[in-house]
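Numbers restart at 1 for each chain; the letters A, B, ... are given by sequence-line order, proteins then strands.
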There are 2 protein chains.
Amino acid sequence: MDSQVRVMENTVTNAEKYFGQFCSLLAAYTRKTARLRDKADQLVRQLTDFANTENPEMRATMRNFAEDLAKVQDYRQAEVERLETKVICPLKLYGAHIKQTRSEIKKFKQVQKNEMKQLEKLEKLRQKSPSDRQMIAETGVQRASVDASRITHQLEEVIDTFQKQKLKDLQKIFSDFVTIEMVFHAKAVEVYSSAFQILESYDLERDLEDFRTKMRGVYGRYDAQPFKDTTPSPAVPWALTGQVSTEDEEEEESVEHSAEEDPVEDLRGQGQTPQQ
Amino acid sequence: MDSQVRVMENTVTNAEKYFGQFCSLLAAYTRKTARLRDKADQLVRQLTDFANTENPEMRATMRNFAEDLAKVQDYRQAEVERLETKVICPLKLYGAHIKQTRSEIKKFKQVQKNEMKQLEKLEKLRQKSPSDRQMIAETGVQRASVDASRITHQLEEVIDTFQKQKLKDLQKIFSDFVTIEMVFHAKAVEVYSSAFQILESYDLERDLEDFRTKMRGVYGRYDAQPFKDTTPSPAVPWALTGQVSTEDEEEEESVEHSAEEDPVEDLRGQGQTPQQ
């Protein structure tokens, strides 16, 4: 009898202990995931800011990359929300369920205690044993036994239902956990594959040509003069000549590439292919 | 001249600013990932402890599930280490690289400043213009111009190399980031698929039978007697009868399932199939 109740209490205590730990660990896991998402979101913002300071080629690459990184964070956000509703909430509810079972066991122990007292009384009665009293006592003992058995069966049912629910919940909760994680990771693989293509198709040479054209625009003003005009003009070098750039070769290259719209259009075409 | 240096300085300052931010954000991202790993590791330990308190069926399921969860954390650990060596380290090194470029620009500015002074002096000389002096001055101006042009080309090279390296590094670092993340997520999908199979193949009924058998072992001692022995034995219910359980049916079932090794062996067979 005692060992029976002990086994039941252990089952419930054990469940309470571990489900409680699972709940707080998985809640912490979810919080850390949310923090990871926050950091990645910050990175997305910085990448976008940075993209705006770059030439068209890198600008498009960084923007598209940032967009993909943002997509992964959207999936991570969905992961966080699902973990909350399908894993943490059920584990929390389980706490209430355990309390209920614990109070049922307590009630049973109370009934059991009362019966023990009753039986002791009847036993004493029987030992005094005038035949009448013995009859009454024996009937009483029998009735008490039947009651005890009924209550035991009730408790057996309570604990059976409890255990069944516990095992079912465990399987369900961790299956849901695994499914949520699996879906997130699968989506992440998909999006990062696209991001990889974006970074791979970045055209460094085109970007550098853009940059050199811009820089030559600046250099041109400066170093065009001193080499052509070997006869020193009165107010030669720095201040004034900067305004007009007449060096033919430089000028040609500058025109060739300064039409910035072309590379942008090309880029858009390129940048979108991996996302199709 | 001024605008040229300004463009260069802006390029470097901009790179310094954003690479610095990328570095600290990605370092934070990596730290958060490590924290997530820590939480999951704790969960693995709790799952293993819990498994040891359960019946063979759930014990095997939880152990195998915990093992898979641990595998994901191993991959996460590899992710953390790779992010450190292939993303954060290069970004940190970039800081040193930027400092070097900055000092090269500073050196250039110094040389430029000296040359300006030199030219001003020569210009004054020329304005006084006795023919001899003018000759010397004009030659001096020409030489100074050639020098200035040489230095400009050097700086052009410095900034060109810097920009090229910057763009290359950006592409490389973020490609590495994406690859590391992609590999981790792909591995996680793989392992979670196995974990899902493990949880799916968990046999609740077998586990419950085990549990009921154990509980009946306990109940048996108690409720076997009062129903069979309707004639009350002198020292009936609780204390003594608990020692021997003679209820045939119960005993049979108990024997049928108490050979705990069988389900364990079955389980091991089952538990390993999804991992093959």
Engaged part of Q42(A) at the chain B interface, taking heavy atoms whose separation is under 4.5 Å: both
Residue, of L47(A), T179(A), L26(A), that accumulates the most heavy atom pairs under 4.5 Å with chain B: L47(A)
Take the angle between the ring planes of Y192(B) and H185(A) and call it parallel below 30°, perpendicular above 60°, tilted in between. parallel
What part of D38(A) gets within 4.5 angstrom of chain B, counting heavy atoms only: side chain, backbone, both, or neither? neither
Looking at L36(A), L69(A), L25(A), which makes the most heavy-atom pairs under 4.5 Å with chain B? L36(A)
Who wins among E205(B), Q46(B), E181(B), R35(B) for the most heavy-atom pairs under 4.5 Å with chain A? Q46(B)
With a 6.0 Å cut-off on the ring centroids, do Y29(B) and F22(B) count as close? no
As an exercise: rank V178(B), D207(B), V72(B), N10(B) by heavy-atom pairs under 4.5 Å with chain A and give me the winner. V178(B)
Can you tell whether the side chains of D176(A) and K172(A) come within less than 4.0 Å, N to carboxylate O? yes
Looking only at side-chain N and O atoms, does Y18(A) offer a donor or acceptor that is under 3.5 Å from a partner on D49(B)? no
K17(A) portion near chain B, given a 4.5 angstrom heavy-atom threshold: neither
Heavy atoms only, distances under 4.5 angstrom: which of L170(B), V183(B), L208(B), L167(B) has the most pairs with chain A? Name it, please. L167(B)
In the structure I gave you, are the side-chain heavy atoms of Q154(A) and R150(A) within less than 4.5 Å of one another anywhere? yes
Looking at F196(B) versus F65(B), is the centre-to-centre ring distance below 6.0 Å? no
Test: K166(B) and E54(A) ion pair at under 4.0 Å: yes
Is S193(A) in contact with chain B via its backbone, its side chain, both, or neither, using a 4.5 Å heavy-atom distance? both
Could you look at T30(B) and say if it's the side chain, the backbone, both or neither that has a heavy atom under 4.5 Å from chain A? neither
